[in-house]
Number of protein chains: 2
Amino acid sequence: MHSYLQKIRDFITNLDVDSSKIFNNMSPIQHFAKGDFLLKQDDVCRKSYWIIRGIARKYYLHDGKDITTELYFEDDLAVSFESYTLQKPSKEYIQALTDISVAVTDYTLFQKMKQQFPKLTELDLMLTEYYAIWLEERLFEFHTLSASERYLNLLEKQPQIVQFVPLTHIASYLGISLETLSRIRAKI
Amino acid sequence: MHSYLQKIRDFITNLDVDSSKIFNNMSPIQHFAKGDFLLKQDDVCRKSYWIIRGIARKYYLHDGKDITTELYFEDDLAVSFESYTLQKPSKEYIQALTDISVAVTDYTLFQKMKQQFPKLTELDLMLTEYYAIWLEERLFEFHTLSASERYLNLLEKQPQIVQFVPLTHIASYLGISLETLSRIRAKI
DNA sequence: AGTAAAATTTGACCTAAGTCAAAGAAGTTA
DNA sequence: TAACTTCTTTGACTTAGGTCAAATTTTACT
């Protein structure tokens with residue numbers, strides 16, 4: 001889940017004292033090694049992970065292929081959205097691509113805290129809104145851009161992905177075969 | 001925005017008296033004739049439209065082609081999400097495909113009401129969550145299904161679309177050319 | 001009913017991107 | 001530094017789905 005960072009920071013900064021205190025104590029830091037799974041398919045996603053350092057990805061398996069649905073960098077919120085929201089088994093895996101540090105928020109605890117501190121519900125709404133807008137953008141790209149346009153667009157918007165993530169994952173993230181992506185890169 | 005209807009109905013049914021009263025008085029009914037625009041590109045989407053009767057669609061223009069992004073039936077919530085949420089000019093049009101009746105909720109009024117009745121923020125969150133889940137599903141379909149699989153999937157999940165909406169719109173909604181869609185249908 | 005307009009189908013051809021297979025590069029580990 | 005493993009590139013070939021153009025069919029309007 002990608003954040004419109006500044007607006008979210010502002011919102012958090014402006015929380016009342018109580019909400020703010022709660023918010024800061026709710027999410028202990030945890031570390032994962034490269035390759036570790038934060039979530040596996042069929043498990044219920046009971047935590048959200050705010051990436052503090054390192055890279056992770058979310059993906060699912062379809063006909064033996066693995067398809068990357070999201071790439072996480074610093075300040076992104078890693079979560080299998082449907083599983084987390086409906087507390088049902090996840091279709092997706094979340095895996096650390098490097099050693100990572102994350103702030104972990106428990107679903108149930110957050111639900112309770114939202115009841116006590118309504119400002120947190122507003123924060124939740126805000127995060128969800130930005131995620132939906134990001135999804136709309138992804139759909140727009142699939143509808144209107146060719147394979148190489150999608151790659152160029154990614155290169156422009158999130159050069160860090162191209163710099164640090166293996167091409168296989170970038171290819172499936174863009175809905176392109178690895179070979180085609182390689183050829184696209186060769187031409188630039 | 002498609003609703004997981006029952007959960008939303010339940011939620012509204014269980015609102016406290018004050019929230020419920022507000023909710024019911026907030027959205028006057030309005031009528032549009034076939035072909036009318038509920039929203040045009042570049043206008044800010046200041047209203048959300050709960051479809052009471054009839055059919056509408058949301059679309060944008062790209063390189064002269066029109067691409068349908070959503071089809072609305074009874075109980076769907078028609079809104080250009082990014083424009084509504086950020087109150088910025090819309091990339092999309094919303095148009096009545098038949099004569100329609102809608103319950104119209106004003107953005108600014110709803111924002112105010114949410115401050116007074118926090119339950120409404122929870123409702124807003126719930127609607128946004130379901131919209132995000134629906135968007136994830138759409139992305140999944142584009143990633144994993146072929147053109148004819150997408151059509152068959154639509155036929156199964158939302159037969160009313162195929163029954164009542166012109167094929168041109170269905171084609172662009174599925175990311176298929178009109179001709180290819182016609183051939184897919186011929187083969188079934 | 002008769003005509004225009006819109007929607008859908010069909011045909012011929014084209015092309016972006018996929019698949020399969022093999023060769024090179026680049027990292028990792030002993 | 002050799003030997004794996006993983007990642008990326010290149011080549012040869014295939015194919016799903018696009019485009020353009022011309023029928024049909026259906027719908028809407030006088």
Side-chain angles (χ1 to χ4, degrees), chain A residues 33-37 54-57 59 61-68 71 93 95-99 139 141-155 159-188, chain B residues 33-36 54-57 59 61-68 71 95-99 139 141-155 159-188:
Chain A
K34 176 175 176 171
D36 282 356
F37 287 93
I55 306 176
R57 74 171 178 126
Y59 69 98
L61 297 177
H62 183 83
D63 294 345
K65 292 178 191 172
D66 97 43
I67 297 181
T68 296
L71 292 160
Y93 298 81
Q95 185 180 31
L97 289 181
T98 64
D99 291 357
L139 267 171
E141 287 159 14
F142 277 95
H143 260 287
T144 60
L145 304 183
S146 67
S148 49
E149 286 170 331
R150 292 203 295 280
Y151 177 70
L152 291 172
N153 179 62
L154 183 71
L155 202 57
Q160 75 282 27
I161 287 184
V162 181
Q163 211 171 122
F164 296 115
V165 177
L167 288 191
T168 332
H169 301 150
I170 296 174
S172 74
Y173 180 69
L174 295 174
I176 309 175
S177 75
L178 174 60
E179 296 92 328
T180 296
L181 179 56
S182 176
R183 281 184 249 267
I184 287 169
R185 286 159 57 88
K187 265 186 225 147
I188 302 178
Chain B
K34 177 176 176 170
D36 282 356
I55 306 177
R57 73 173 181 126
Y59 70 97
L61 296 177
H62 182 81
D63 294 344
K65 292 179 193 174
D66 97 45
I67 298 181
T68 297
L71 292 159
Q95 186 179 31
L97 289 182
T98 62
D99 291 357
L139 267 171
E141 286 158 15
F142 277 96
H143 261 287
T144 61
L145 304 184
S146 66
S148 49
E149 287 170 330
R150 292 203 295 281
Y151 176 70
L152 291 172
N153 179 61
L154 183 72
L155 202 56
Q160 75 282 25
I161 287 183
V162 182
Q163 209 171 122
F164 295 116
V165 176
L167 287 192
T168 333
H169 302 149
I170 296 174
S172 75
Y173 179 70
L174 294 175
I176 310 175
S177 76
L178 173 61
E179 296 91 330
T180 296
L181 179 56
S182 175
R183 281 183 249 269
I184 287 169
R185 286 160 55 87
K187 267 188 224 146
I188 302 178

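Computed from a predicted structure; not experimentally measured. Here is the naming used below: chain letters follow the sequence lines, and residue numbers restart at 1 for every chain.
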Evaluate ring-ring contact (aromatic ring centres under 6.0 Å, His included) for A:Phe142 paired with B:His143, printing each intermediate quantity in order.
CA-CA 9 Å; A:Phe142 277 95; B:His143 261 287; 4.9 Å; yes

For the pair B:Asn153 and B:Glu141, evaluate side chain to side chain donor-acceptor pair (under 3.5 Å) and give the outcome as yes or no after the intermediate values.
CA-CA 9 Å; B:Asn153 179 61; B:Glu141 286 158 15; 3.1 Å; yes

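Within the 4.5 Å cutoff, the side chain of B:Arg57 has no heavy atoms near those of the B:Tyr173 side chain. The shortest side-chain heavy-atom distance between B:Val162 and B:Tyr151 falls under the 4.5 Å cut-off.
Between A:Thr144 atom OG1 and B:Lys65 atom NZ the span is 11.0 Å, to the nearest 0.5 Å. Atoms CG and CD1, from B:Leu174 and B:Ile184 in turn, are 8.0 Å apart once rounded to the nearest 0.5 Å. Atom CZ of A:Arg185 is separated from atom CG of A:Leu152 by 11.0 Å, given to the nearest 0.5 angstrom.
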Strictly under 4.0 angstrom, non-hydrogen atoms only: write out the protein contact profile of nucleotides 24-30 of chain D, one letter per nucleotide from the 5' end, B, S or -.
-------

Each nucleotide of nucleotides 9-20 of chain C classed B (base within 4.0 Å of a protein heavy atom), S (only sugar-phosphate) or -, in 5' to 3' order, makes BBBB----SBBB

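Following rounding to the nearest Å, B:Tyr151 (OH) and D:dG17 (C1') show an atom-to-atom distance of 17 Å. Across the protein-nucleic acid pair, B:Leu174 atom CG and D:dG18 atom P stand 11 Å apart, rounded to whole Å. Distance CG (B:Leu97) to P (C:dA6): 15 Å, rounded to an integer number of Å.
The aromatic rings of A:Phe37 and A:Tyr93 sit tilted, their planes meeting at an angle between 30° and 60°.
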